[in-house]
Amino acid sequence: MGRAGEEARPVPLLPAQELAGRQQGAGDDVPARYVARANDAEAAAAAAPVPVIDLGPLCQQPRGESAADEAARLRMALESWGLFLVTNHGIEAPLMDAVMEGSREFFRQPLEEKQMYTNMVDGEHFQLEGYGNDRVASEGQVLDWCDRLYLKVEPPDERNLALWPTRLRDALHEFTAKCTRLKDRLLPEMAKLLELDDDYFGDQFGAKADTYARFSYYPPCPRPELVFGLKPHSDGSFVTLLMVDSSIGGLQVLRDGVCYGVRTKPHTLLINLGDQMEIMSNGIFKSPVHRVVTNAEKERLSVALFYSVDPEREIQPAGKLVDENHPALYKKVKIKEYIAGLYEHFSQGKMVIETAKENILKLLGIGAWNCGGIDSDSYFEFRSADGSHYGPNDAIVVTSRGSLRRTGVDRFGWNALASAQQGRTRPN
Ligand SMILES: O=C(O)CCC(=O)C(=O)O
Ligand SMILES: [Fe+2]
């Protein structure tokens with residue numbers, strides 16, 4: 001995800017962790033506001049064969065033979081999953097452990113201690129940074145079974161250290177520096193794969209690019225099948241570096257309409273592309289839809305660093321990737337405005353990237369006879385080039401070969417994936 005501005009919160013909420021504590025022994029129910037899906041909503045997710053990329057060969061100079069293999073695997077990962085695990089990433093295991101343990105210790109403190117870092121100004125106004133829930137935009141919003149500590153970590157002179165728990169401070173400082181170095185190593189590799197200048201993406205970030213850290217705490221939940229730890233979303237960042245609890249799963253990623261559980265491995269990092277990369281690569285690289293599910297027995301933690309372009313800048317598909325056969329699939333967007341729309345959409349189970357898309361039916365030259373747009377909740381009805389009928393209950397995927405495919409539909413944004421996975425070519 002990303003961030004949002006300061007907003008009034010309609011109702012004060014208990015942290016999910018407190019709620020989980022009170023639920024113990026109080027029956028099996030979860031409050032209605034957390035119920036996001038039907039009991040029998042989905043079968044268990046298949047384990048994801050998420051690619052593992054070894055950065056060693058890619059970063060060696062001169063490059064050995066294995067570098068080409070690794071680059072090909074990286075390309076596959078970026079084009080299909082938008083997500084990969086990375087080894088040889090240059091962040092020492094003890095440092096990763098220190099950040100994870102510092103975070104665990106923070107959430108284990110009594111509520112009064114954590115409230116010293118609260119994200120509520122004067123007890124009633126939500127601010128982006130600090131400890132608490134995600135922003136709640138309306139009474140009807142379905143809530144996530146998760147608490148967070150959210151901190152701006154870059155640019156360094158914009159840190160609000162008063163909100164940085166003392167126990168985490170040094171480790172977070174060092175972890176951020178190392179993650180930024182890793183991000184700076186990855187960007188040229190990604191640019192090369194698109195035949196862009198090595199510095200292309202780095203140059204887009206700008207001097208005032210900001211990075212936020214999100215520490216998420218998912219308490220055990222008595223009814224995990226009814227709630228989400230985090231609703232389906234794609235990250236609004238350019239790229240997210242994610243460290244997850246290696247002792248318990250919960251992160252799931254959607255690929256071609258199938259939901260996969262992401263396996264965890266101690267001391268690997270997950271690299272998750274965000275919407276900004278999908279836009280700049282004109283959809284060649286994917287910003288995956290993902291979500292977190294909880295479980296009845298164990299708490300779960302994750303630490304994410306969201307790297308984002310300077311909020312004052314605008315981004316659009318790279319000029320070199322757009323031509324007559326590859327029309328721009330996304331409009332120009334101003335980062336600040338895009339990010340502002342993020343939580344609004346997230347709170348309603350929608351994807352903000354839909355707002356950045358060009359009308360795909362127009363791009364594909366398909367005549368719709370009844371069409372009110374093609375984002376996740378709009379109405380459309382048309383016949384494709386092969387004569388198939390698509391109606392308002394269909395979510396569609398345009399495959400990379402340009403053909404259309406139906407996918408399943410559900411309430412919480414999985415259907416929005418359809419247009420998020422549009423391919424690059426036209427049919428016929
Ligand atoms: O907890 C996780 O594994 C994922 C967190 C996530 O997707 C996010 O913070 O945007
Ligand atoms: Fe995410």
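Numbering of ligands and ligand atoms starts at 1, following listing order.
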**Q.** N or O contact, S216 vs ligand 1, cut-off under 3.5 Å
**A.** no
Q.
Test of understanding: given a 4.0 Å heavy-atom threshold, classify the contact between N272 and ligand 1 as side chain, backbone, both, or neither.
A. neither
(Q) Between D245 and R300, does any NZ, NE, NH1 or NH2 come within less than 4.0 Å of an OD or OE carboxylate oxygen? (A) no
Q | Atom of H233 closest to the Fe ion (ligand 2), considering N, O or S atoms | A | NE2
Q) Below 4.0 angstrom, N of the basic side chain to O of the carboxylate: do R108 and E105 qualify? A) no
Q: Under 4.0 Å from a heavy atom of R300: give me the atoms of ligand 1 that qualify, with their elements.
A: 1 (O), 2 (C), 3 (O)
Q. Got a salt bridge between K114 and E112, using NZ or NE/NH1/NH2 to carboxylate O under 4.0 Å?
A. no
Q: For R169, check salt bridge (charged side-chain N to carboxylate O under 4.0 Å, His left out) against everything at least two apart and list the hits.
A: none
(Q) Taking the basic N atoms (NZ, or NE/NH1/NH2) and the acidic carboxylate oxygens, is any pair closer than 4.0 Å for R167 and E101? (A) no
Q: Compute both the distance and the angle, then confirm whether K231 meets the cation-pi test with F346: under 6.0 Å from the six-membered ring centre, within 45 degrees of the axis.
A: yes
**Q.** Which N, O or S atom of D235 lies nearest to the Fe ion (ligand 2), by name
**A.** OD1
Q) Within less than 4.0 angstrom of ligand 1, does H233 place any heavy atom? A) yes
Q: May I ask you to list the atoms of ligand 1 that are less than 4.0 angstrom from any heavy atom of Y218?
A: 1 (O), 2 (C), 5 (C)
Q: Pull out every atom of ligand 1 sitting under 4.0 Å from any heavy atom of L230, numbered as shown with elements.
A: 5 (C), 6 (C), 7 (O), 8 (C), 9 (O)
Q | Contacting atoms of ligand 1, where contact means under 4.0 angstrom from a heavy atom of H290 | A | 7 (O)
Q. Is E312 paired with K334 through a side-chain N to carboxylate O contact shorter than 4.0 Å?
A. yes
Q) How does T240 reach ligand 1, if at all, at less than 4.0 Å between non-hydrogen atoms: by side chain, backbone, both, or neither? A) neither
Q) Counting from 1, what ligand 1 atoms have a heavy atom of F306 closer than 4.0 Å? A) 8 (C), 9 (O), 10 (O)
Q: Go through ligand 1 atom by atom and flag the ones less than 4.0 Å from a non-hydrogen atom of R214.
A: 9 (O)
Q) In chain order, what residues pass the ring pair (Phe, Tyr, Trp, His ring centres under 6.0 Å) check against Y131, with sequence neighbours excluded? A) F106
(Q) Whether R159 and E154 form a salt bridge (side-chain N of Lys/Arg under 4.0 Å from carboxylate O of Asp/Glu) is what I want to check. (A) no
(Q) Show me which atoms of ligand 1 lie under 4.0 Å from any heavy atom of V244. (A) 3 (O)
Q.
Against ligand 1, does R148 come closer than 4.0 Å with any heavy atom?
A. no
